[in-house]
Amino acid sequence: MNIYKLLLGVLITVFLVVAAPYGAVNLGLMAPMAEKAWLVLLVTAGGLIIKSLVGDVVAGEFLFYKFGYDNCVMTLGALLTALALQLVATVDLFPGLSNVAILSSLPAFSTDPVANRSTHLFTLLIFALLGTLLTGRIAAAIKHDNAKGKDFLSLLNSLVGLVLLGMYVLVLVTKG
Amino acid sequence: MAFIVLFALGILVVPLALDFSKHGKNNILRRSGRDLLEYQPVRRVLASLHVATERVSTVALSVSSLVAIAVVGYLGLKVIELFVEVASIFVK
């Protein structure tokens, strides 16, 4: 691959993932970012770019369906750790969870805000689990040539994974 | 939602660049659009409208696949919202 095209791709990724969210905050499209959120975003973007490049080299071509499934599994693991931490904590460790649009309308299950946060994390974990099952099923069908419209499903798989991972990263980078 | 859209699009740029460099015009977006046009219900609707699907441009196929994925994503989010609404009823 042309190195300049790859560098341009990397720059666009860094712009969209690290810089553009600050623009969205200024426009009032999203909640304020936490302190040093840019660092979390930069590390996440860097990690995913390296993952994409290594995946491309190892498999001979980029497997979109596998990328989606991998991101779902990664989110599931990260959420399990987050839930375990929150369950033993006495304070709300993830106030940014209130900024995930869909989850912010979840009802209060308890009068204790810390217990509520655990319940909300558990709900997000259920969504991640459902995403993992869906992308895993699609990935298996594509791998065994049982899927109709496998390119569309591959693209859909990668987007499901990225949306789930995006939800988790949003929890980490926004203020409560 | 703005962040999630920016994040998903941003991270997809490098994989798409890798795919474009490997497959050229026959990239994932084009192939995905072709899959969509070959999907039986879509094919039937287009045939009833007398729309020819043999020679569709790469741009049109790419746009149609992105629009279809956006629609599927929107419907998915609506299902989750519905789930949250139902949960709210039971908790109250």
Side-chain angles (χ1 to χ4, degrees), chain A residues 1-2 5-6 8-10 12-18 20-21 24-25 27 29-31 41 44-45 48-49 52-53 55-56 61-62 64 67 71 99-103 105-109 123 127 148-156 158-163 165-167 169-170 173-174, chain B residues 1-23 26-43 61-62 64-66 68-74 76-92:
Chain A
M1 185 187 185
N2 185 332
K5 282 185 185 168
L6 183 62
L8 180 67
V10 170
I12 294 172
T13 298
V14 170
F15 172 75
L16 286 174
V17 176
V18 183
V25 171
L27 291 171
L29 294 172
M30 61 178 280
L41 292 172
T44 309
L48 287 171
I49 289 169
S52 305
L53 293 173
D56 182 67
E61 70 169 326
F62 189 81
F64 283 86
F67 187 62
N71 285 335
N99 298 317
V100 178
I102 305 161
L103 295 180
S105 52
L106 268 176
F109 292 91
T123 311
F127 289 143
K148 273 185 186 172
K150 65 177 187 175
D151 291 308
F152 181 76
L153 289 174
S154 292
L155 205 56
L156 188 67
S158 60
L159 279 170
V160 169
L162 284 174
V163 165
L165 189 60
M167 274 189 192
V169 175
L170 180 64
V173 299
T174 50
Chain B
M1 187 50 76
F3 175 80
I4 295 171
V5 172
L6 285 172
F7 181 83
L9 290 179
I11 298 298
L12 261 189
V13 171
V14 170
L16 284 176
L18 291 169
D19 191 75
F20 279 35
S21 75
K22 205 148 284 179
H23 298 286
N26 193 28
N27 55 62
I28 183 96
L29 291 178
R30 184 191 162 86
R31 296 196 308 270
S32 156
R34 179 56 60 197
D35 281 347
L36 192 69
L37 289 186
E38 282 168 8
Y39 183 53
Q40 208 59 39
V42 176
R43 216 174 178 176
L61 285 172
S62 305
S64 62
S65 80
L66 287 175
I69 282 174
V71 170
V72 172
Y74 179 76
L77 288 175
K78 284 288 156 196
V79 169
I80 295 174
E81 268 181 23
L82 183 71
F83 169 81
V84 171
E85 288 290 322
V86 172
S88 312
I89 294 167
F90 281 107
V91 172
K92 279 170 191 169

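To find a chain, count down the sequence lines: A is the first, B the second, and so on, and within it residues start at 1.
- Only the side chain of L41(A) has a heavy atom closer than 4.5 Å to any heavy atom of chain B.
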Donor-acceptor pairs are to be reported for all side-chain atoms of residues 36-43 of chain B against protein atoms at under 3.5 Å, with residues two or more places apart or in another chain.
none

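- Within the 4.5 Å cutoff, side-chain heavy atoms of V169(A) are placed close to those of F3(B).
- The parts of S52(A) that come within reach of chain B are both its backbone and its side chain, each placing non-hydrogen atoms under 4.5 angstrom from that chain.
- The minimum heavy-atom distance linking P21(A) with L6(B) is given by the pair N-CD1, 4.0 Å.
- Taking CD1 of I11(B) as the reference point, atom CG of L165(A) lies at 7.5 Å (rounded to 0.5 Å).
- When all heavy atoms of G10(B) and V17(A) are compared, the closest pair comes out as CA-CG2, 4.0 Å.
- For the atom pair I69(B) CD1 and L156(A) CG, the distance stands at 5.5 Å (nearest 0.5 Å).
- Contact count versus chain A (heavy atoms, under 4.5 Å) is highest, among V5(B), D35(B), V13(B), V72(B), for D35(B).
- Between the CG atom in D19(B) and the CZ atom in F64(A) there is a gap of 4.5 Å [rounded to 0.5 Å].
- Listed here is the closest heavy atom pair of L162(A) and A8(B): CD1-O, 3.5 Å.
- Residue-environment remark: CZ (F15(A)) stays at or below the threshold of 12 foreign heavy atoms within 6.0 Å.
- Neither the backbone nor the side chain of K148(A) comes within contact range of chain B; no heavy atoms are under 4.5 Å apart.
- Between chain A and the options L16(B), L66(B), L12(B), heavy-atom pairs under 4.5 Å are most frequent for L12(B).
- When heavy atoms are compared at a cutoff of 4.5 Å, V25(A) does not approach chain B at all.
- For L155(A), the parts sitting under 4.5 Å from any heavy atom of chain B are the backbone and the side chain alike.
- Rounding to the nearest 0.5 Å gives a distance of 4.5 Å between CG of D56(A) and CG of L18(B).
- Applying side chain to side chain contact (heavy atoms under 4.5 Å, CB included) to F7(B) and the options L16(A), L48(A), T13(A), V173(A) leaves one that passes, L48(A).
- Listed here is the closest heavy atom pair of F152(A) and A68(B): CE1-CB, 3.7 Å.
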